[in-house]
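Notes to accompany the following structure.
Values below: all heavy atoms of this structure, side chains included; hydrogens, waters and symmetry mates excluded. Order of the sequence lines sets the chain letters (A, B, ...), proteins ahead of strands, with each chain counted from 1.
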Protein chains: 2
Amino acid sequence: MKEGKKKTPEVIVENIVASTSFADKLDLDAIAQALEEAEYEPEQFPGLVYRLDNPKTATLLFRSGKANCTGAKNVENVRKTVEIIADKLRNLGIDVYKNEDLKIVIQNIVAISDLGTELNLNEVAMGLGLENVEYEPEQFPGLVYRLEEPKVAMLLFGSGKIVCTGARRTEDVAIAVQKLADELAALGLLKEKEEGD
Amino acid sequence: MKEGKKKTPEVIVENIVASTSFADKLDLDAIAQALEEAEYEPEQFPGLVYRLDNPKTATLLFRSGKANCTGAKNVENVRKTVEIIADKLRNLGIDVYKNEDLKIVIQNIVAISDLGTELNLNEVAMGLGLENVEYEPEQFPGLVYRLEEPKVAMLLFGSGKIVCTGARRTEDVAIAVQKLADELAALGLLKEKEEGD
DNA sequence: AAAGTATATAAAAGGGTTTTTAAAAAGATT
DNA sequence: AATCTTTTTAAAAACCCTTTTATATACTTT
């Protein structure tokens, strides 16, 4: 039973933030005019917000032609979102780059995982070192733990659930959660509940 | 008289913006507390404003330890300002880098020059090309002319006076003004007033 | 009439604005 | 009691904020 280490932690991607560029400039006033669903309040924020129902995403378009897509749970849906918006813009007579030139860069991945055991966050805070951790239960029930490699921030909850954010690659989420699990195991803070698989 | 071209346009530096770093972090609240003359309103702006009478400068200090010095008319006064502030901080018991490690980077130079002739800005706008110029006398009396090399913005006034901003080296101001003068001369827009030297 | 305001230019600094998403706990509101 | 909002984390985008300085117009306030 030495090889009891799980292959790779089960991770669920909940949100992807990705950037792209539709053109070298965009006339947001014209777009806001033409697309009724668009939200554009330049006094408040320089980006135009455009929401899609399927995939369920929100994309911010900027005058520079650059854009950020948020809310997708996988890269395919980021791509779909970007191409749907590109088509809408083309239908408006706006010149945008060809689909194959729409380069998508993942900027942030938010994912959850589950350690499978409840955590005593006070013990975890002591174990990981108070200087490496932020834990103020009065303010927020999660304990914040930052990793340098991969560079992510993890929120640990008493339930054993983990939120990981900051990763740019899905595999880094798994690596980060594994590192965390290993550290907690080494500290004897995981109750080793055999979840019967 | 073919070599009537002035060697280098007379330029007066009016303002230098330079950046530096005093430490890897600064406690602005403590500094604001200790230095009564400091202005610090973090809700309004994250930088602490510290003004000196001699040299007459205003320096913005940030939590990151970085700072911007504005108002000096020469680099020596930027250096003086930075060292005076460093000393003040040391006297407060704040740890800052040694003077020789305080690296100063000039970020912007504002300078004036004078073409020696009055300009008809409407003719200048036509001559330089309306697409290369911004001129809305109702809004602002100056004509904006941008150069790519050196990358500066020049404001031309009917009086023949020029404001040049954006340069990082003093010599670039002279180069920019010379380029402008050459272009205007080629267009026959300089009245060649021999100013008797 | 004199002294302010505004208009416009460049540059750095870093915090705010907005969007998304999960976790969970406390508080407010319905 | 059920539903909301707040708290926190990360990330991109591009604007605002503030400081300085000359230039020169119009407009407002003393």
Side-chain angles (χ1 to χ4, degrees), chain A residues 12-19 39 41-47 49 51 56-64 66-73 105-112 134 136-142 144 146 151-159 161-168, chain B residues 12-19 39 41-47 49 51 56-64 66-73 105-112 134 136-142 144 146 151-159 161-168:
Chain A
I12 301 170
V13 173
E14 296 285 358
N15 179 33
I16 291 178
V17 178
S19 59
E39 286 178 26
E41 291 182 59
E43 327 278 84
Q44 201 186 5
F45 185 71
V49 183
R51 270 172 253 262
K56 190 181 160 293
T57 54
T59 300
L60 309 177
L61 304 178
F62 297 91
R63 288 198 317 160
S64 64
K66 294 185 178 179
N68 301 325
C69 173
T70 69
K73 294 193 189 292
V105 178
I106 296 181
Q107 301 288 358
N108 185 30
I109 294 173
V110 182
I112 56 165
E134 286 173 37
E136 290 182 61
E138 321 280 85
Q139 203 186 5
F140 184 68
V144 181
R146 275 168 239 272
K151 195 177 162 295
V152 301
M154 310 183 85
L155 308 178
L156 324 204
F157 297 90
S159 63
K161 292 199 179 165
I162 306 297
V163 171
C164 176
T165 181
R168 294 174 109 95
Chain B
I12 301 170
V13 173
E14 295 287 357
N15 178 34
I16 291 178
V17 178
S19 60
E39 286 178 27
E41 291 182 60
E43 329 277 84
Q44 201 187 6
F45 185 70
V49 183
R51 270 174 253 262
K56 189 179 161 297
T57 55
T59 301
L60 310 177
L61 304 179
F62 297 91
R63 289 198 317 162
S64 63
K66 294 186 179 179
N68 301 326
C69 173
T70 69
K73 293 191 189 294
V105 178
I106 296 181
Q107 301 288 357
N108 184 29
I109 294 173
V110 182
I112 56 164
E134 285 173 38
E136 290 183 62
E138 321 280 84
Q139 202 187 5
F140 184 68
V144 182
R146 275 168 239 271
K151 196 178 161 295
V152 301
M154 310 182 86
L155 308 178
L156 324 205
F157 296 90
S159 63
K161 292 200 178 164
I162 306 296
V163 171
C164 176
T165 182
R168 294 173 110 94

| request: Please check the phosphate of C:dT21 (OP1 and OP2 only) for any side-chain N or O of A:K56 closer than 4.0 Å. | output: yes
| query | Separation of B:I12 atom CD1 from D:dT20 atom P, in whole Å? | reply | 21 Å
| said: Could you report the tightest heavy-atom contact between B:G166 and B:N108, atom names first, then the distance? | reply: N-OD1, 2.6 Å
| To the nearest Å, how far apart are B:E138 CD and C:dT7 C1'? | 12 Å
| Whole angstrom value for the distance that separates C1' of D:dT8 from CD1 of A:I112 | 16 Å
| task | Take the protein atom CD of B:E39 and the nucleotide atom P of D:dT18, then report the distance between them rounded to whole Å. | result | 11 Å
| B:M154 CE - D:dA22 P separation (whole Å) | 17 Å
| task | Send over the distance from B:E14 CD to D:dA24 C1', rounded to a whole Å. | result | 15 Å
| field | Distance in Å, A:I16 CD1 paired with A:I106 CD1, rounded so as to fall on 0.5 Å steps | value | 5.0 Å
| request: Please answer whether the main-chain N or O of A:A58 pairs with a side-chain N or O of A:T70 as donor and acceptor at a distance below 3.5 Å. | output: yes
| Could you give the CD1-to-P distance, from A:I16 to D:dA12, as a whole number of Å? | 16 Å
| message | For a quick test of reading the model, state the closest non-hydrogen atom pair linking A:T59 to A:A67 and the distance between them. | response | CG2-CB, 4.2 Å
| remark: Given the options A:T165, A:V163, A:I162, A:I112 meets side chain to side chain contact (heavy atoms under 4.5 Å, CB included) only with A:V163
| request: To the nearest 0.5 angstrom, please state how far the CD atom of B:E14 sits from the CD1 atom of B:I109. | output: 12.5 Å
| query | Sub-3.5 Å donor-acceptor pair from the side chain of B:N68 to the main-chain atoms of B:S19, do we have one? | reply | no
| Could you state the interatomic distance from NZ (B:K73) to CG (B:N15), rounded to the nearest 0.5 Å? | 7.0 Å
| message | A:E134: which residues meet the side-chain contact (heavy atoms from CB on, under 4.5 Å) condition with it, sequence neighbours left out? | response | A:V144, A:R146
Between the protein and nucleotides 9-15 of chain C, list every N/O to N/O distance that falls short of 3.5 Å.
unit_1, atom_1, unit_2, atom_2, d
C:dT9, O3', B:R146, NH1, 3.2
C:dA10, OP1, B:R146, NH1, 2.1
C:dA10, O4', B:T165, OG1, 3.3
C:dA10, N3, B:N108, ND2, 3.1
C:dA10, N3, B:T165, OG1, 2.6
C:dA11, OP1, B:K151, NZ, 3.4
C:dA11, N3, B:N108, ND2, 3.2
C:dA13, O4', B:N68, ND2, 3.1
C:dA13, N3, B:N68, ND2, 3.0
C:dG14, OP1, B:S64, OG, 2.3
C:dG15, OP1, B:R63, NE, 3.0
C:dG15, OP1, B:R63, NH2, 2.7

| How far does the helix from C:dA1-D:dT30 to C:dT30-D:dA1 bend, going by the axes of its first and last five pairs, to the nearest 10°? | 130°
| request: Tell me what A:S159 touches on the nucleic acid: a base, only sugar-phosphate, or nothing, going by heavy atoms under 4.0 Å. | output: sugar-phosphate
| note | Between CD1 of A:I162 and C1' of D:dT9 the distance, given in whole Å, is 13 Å
